[in-house]
Amino acid sequence: MRGLLADKEGLELVKQDPELVITIGGDGTLLSAFHRYSHRLDQVRFLGVHTGHLGFYTDWRDYELPELVKSLCDEPSKSVSYPLLDVVVSYRDGKHKHFLALNESTIRKGSRTMVADVYIKEELFERFRGDGLAISTPTGSTAYNKSVGGAVVHPSINAMQLAEIASLNNRVFRTLGSPSIIGSHEWVDVRLSGEGQHLITIDQLDIVSQEVSSIKYKIAEERIHFASYRHMHFWHRVKDAFIRED
């Protein structure tokens with residue numbers, strides 16, 4: 001890639017303050033790049049080159065690098081943006097930590113049943129009992145969310161999805177039992193009950209703690225921008241990943 005870009009006028013390879021971040025690998029590689037540059041989302045665009053199976057964040061194949069470089073030189077700098085998840089983890093000592101997620105966040109309690117009160121816009125929605133909860137962005141809806149029965153959501157919809165992971169539903173305990181789509185003007189506050197260690201994931205980050213009291217989720221004001229030199233249709237990606245046979 002460096003050799004292809006070296007002789008192209010107007011293109012310069014930099015590590016600090018890039019305008020365009022190109023990742024080569026898969027969706028995990030792009031997720032890592034997103035978190036590395038998440039403090040500059042209003043100034044940077046992303047572009048993914050995949051080297052294996054088709055990824056949901058990667059538009060180009062590794063054998064198409066010459067065409068990719070040509071498009072960088074010839075085409076205008078258009079972009080498409082996707083929603084992100086705003087996550088605030090609160091601790092029992094009153095401290096808070098803020099994160100952004102491109103894909104999803106999950107909450108579990110190891111091998112024990114997790115108990116949590118789920119609030120939507122400060123109103124108690126349900127008391128959850130089960131293995132855990134998954135909160136995803138539209139682009140993250142095709143990842144772990146889908147495996148626990150969540151819906152696939154088009155990224156043009158500015159919303160997040162709340163899905164239950166193996167909830168307990170019987171004549172004593174009752175939850176909705178279905179995934180919920182939460183609009184951008186609403187937020188979800190998961191208030192953990194009882195003592196014990198919880199595992200919170202935020203994309204590739206793991207937080208293991210006995211001191212977490214609640215986690216608040218909403219659609220972030222920030223958005224991720226992808227260079228759209230050749231942007232692949234979302235439903236084509238879904239079909240290619242889950243339906244089309246070789």
Side-chain angles (χ1 to χ4, degrees), residues 27 31 35 56 82-92 95-155 157-220:
D27 284 348
L31 276 171
H35 286 283
F56 276 87
Y82 291 159
L84 299 170
L85 197 61
D86 184 290
V87 185
V88 176
V89 179
S90 297
Y91 294 83
R92 301 188 192 283
K95 295 182 179 179
H96 309 276
K97 289 186 178 179
H98 177 254
F99 305 90
L100 291 175
L102 175 56
N103 256 7
E104 67 199 3
S105 174
T106 65
I107 314 167
R108 298 186 186 87
K109 196 177 181 180
S111 59
R112 299 179 60 186
T113 298
M114 187 182 89
V115 180
D117 289 330
V118 179
Y119 286 76
I120 299 179
K121 290 188 69 173
E122 303 301 334
E123 182 177 339
L124 180 61
F125 180 69
E126 66 180 16
R127 167 155 282 202
F128 173 84
R129 291 176 175 85
D131 283 0
L133 295 167
I135 301 88
S136 63
T137 65
T139 46
S141 68
T142 58
Y144 184 64
N145 167 79
K146 183 177 181 298
S147 72
V148 297
V152 175
V153 179
H154 193 281
I157 299 173
N158 198 36
M160 60 183 171
Q161 184 168 182
L162 173 66
E164 300 176 359
I165 306 171
S167 58
L168 295 177
N169 279 296
N170 51 43
R171 61 189 180 89
V172 178
F173 305 127
R174 178 62 56 187
T175 64
L176 181 64
S178 300
S180 304
I181 307 298
I182 312 296
S184 59
H185 62 290
E186 298 180 319
W187 59 91
V188 172
D189 194 4
V190 180
R191 302 178 187 177
L192 303 176
S193 299
E195 301 295 329
Q197 186 168 272
H198 289 84
L199 169 63
I200 297 101
T201 68
I202 301 167
D203 285 342
Q204 298 167 321
L205 173 67
D206 293 342
I207 300 173
V208 181
S209 175
Q210 296 186 12
E211 302 303 320
V212 174
S213 60
S214 66
I215 308 97
K216 184 177 181 179
Y217 298 97
K218 64 179 181 179
I219 289 297

Taking all atoms of both residues into account, what is the closest heavy-atom pair of [X] and [Y], and its distance?
{"X": "Gly132", "Y": "Met114", "answer": "CA-CE, 3.8 Å"}
{"X": "Ala159", "Y": "Ile182", "answer": "CB-O, 3.2 Å"}
{"X": "Pro83", "Y": "Pro155", "answer": "CD-O, 3.3 Å"}
{"X": "Ala151", "Y": "Gln161", "answer": "N-OE1, 2.7 Å"}
{"X": "Asn158", "Y": "Ile219", "answer": "OD1-CG2, 3.5 Å"}
{"X": "Lys218", "Y": "Glu186", "answer": "CB-O, 4.1 Å"}

Inset, instruction - For a side-chain contact (heavy atoms from CB on, under 4.5 Å) with Glu211, tell me which candidate from Arg92, Gln197, Lys95 qualifies. - result: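 Testing each of Arg92, Gln197, Lys95 against Glu211, the sole residue satisfying side-chain contact (heavy atoms from CB on, under 4.5 Å) is Arg92.
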
Inset, instruction - Apply side-chain contact (heavy atoms from CB on, under 4.5 Å) to the pair Val87 and Leu100, showing each step before the final yes or no. - result: CA-CA 6 Å; Val87 185; Leu100 291 175; over 6 Å; no

Value rounded to 0.5 Å, distance of [atom1] in [X] from [atom2] in [Y]:
{"X": "Ile107", "Y": "Ile202", "atom1": "CD1", "atom2": "CD1", "value": "9.5 Å"}
{"X": "Arg129", "Y": "Asn169", "atom1": "CZ", "atom2": "CG", "value": "11.0 Å"}
{"X": "Tyr217", "Y": "Phe99", "atom1": "OH", "atom2": "CZ", "value": "10.5 Å"}
{"X": "Ser180", "Y": "Ile135", "atom1": "OG", "atom2": "CD1", "value": "11.0 Å"}
{"X": "Phe128", "Y": "Thr113", "atom1": "CZ", "atom2": "OG1", "value": "9.0 Å"}
{"X": "Ile215", "Y": "Lys97", "atom1": "CD1", "atom2": "NZ", "value": "13.0 Å"}

Inset, instruction - Please test Arg127 against Val115 for side-chain contact (heavy atoms from CB on, under 4.5 Å), starting from the C-alpha separation and ending with a verdict. - result: CA-CA 7 Å; Arg127 167 155 282 202; Val115 180; 4.1 Å; yes

Any [X] side-chain heavy atom under 4.5 Å of [Y] side chain:
{"X": "Lys146", "Y": "Val152", "result": "yes"}
{"X": "Asn103", "Y": "Asp27", "result": "no"}
{"X": "Val188", "Y": "Met160", "result": "yes"}
{"X": "Asp86", "Y": "Trp187", "result": "no"}

Legend entry - Polar side chain donor-acceptor pair, Ser141 to Ser136, under 3.5 angstrom: no

Inset, instruction - Taking atom types as modelled, find out whether Ser209 and Tyr91 have a side-chain donor-acceptor pair closer than 3.5 angstrom. - result: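 Ser209 vs Tyr91: no donor-acceptor pair found between side chains.
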
Backbone N/O of [Y] and side chain of [X]: donor-acceptor pair under 3.5 Å:
{"X": "Thr201", "Y": "Thr106", "value": "yes"}
{"X": "Asp189", "Y": "Ile120", "value": "no"}
{"X": "Thr137", "Y": "Leu102", "value": "yes"}

Inset, instruction - Inspect the contact between Glu164 and Arg174 and indicate whether a charged nitrogen and a carboxylate oxygen are less than 4.0 angstrom apart. - result: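 So Arg174 does not pair with Glu164 through a salt bridge.
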
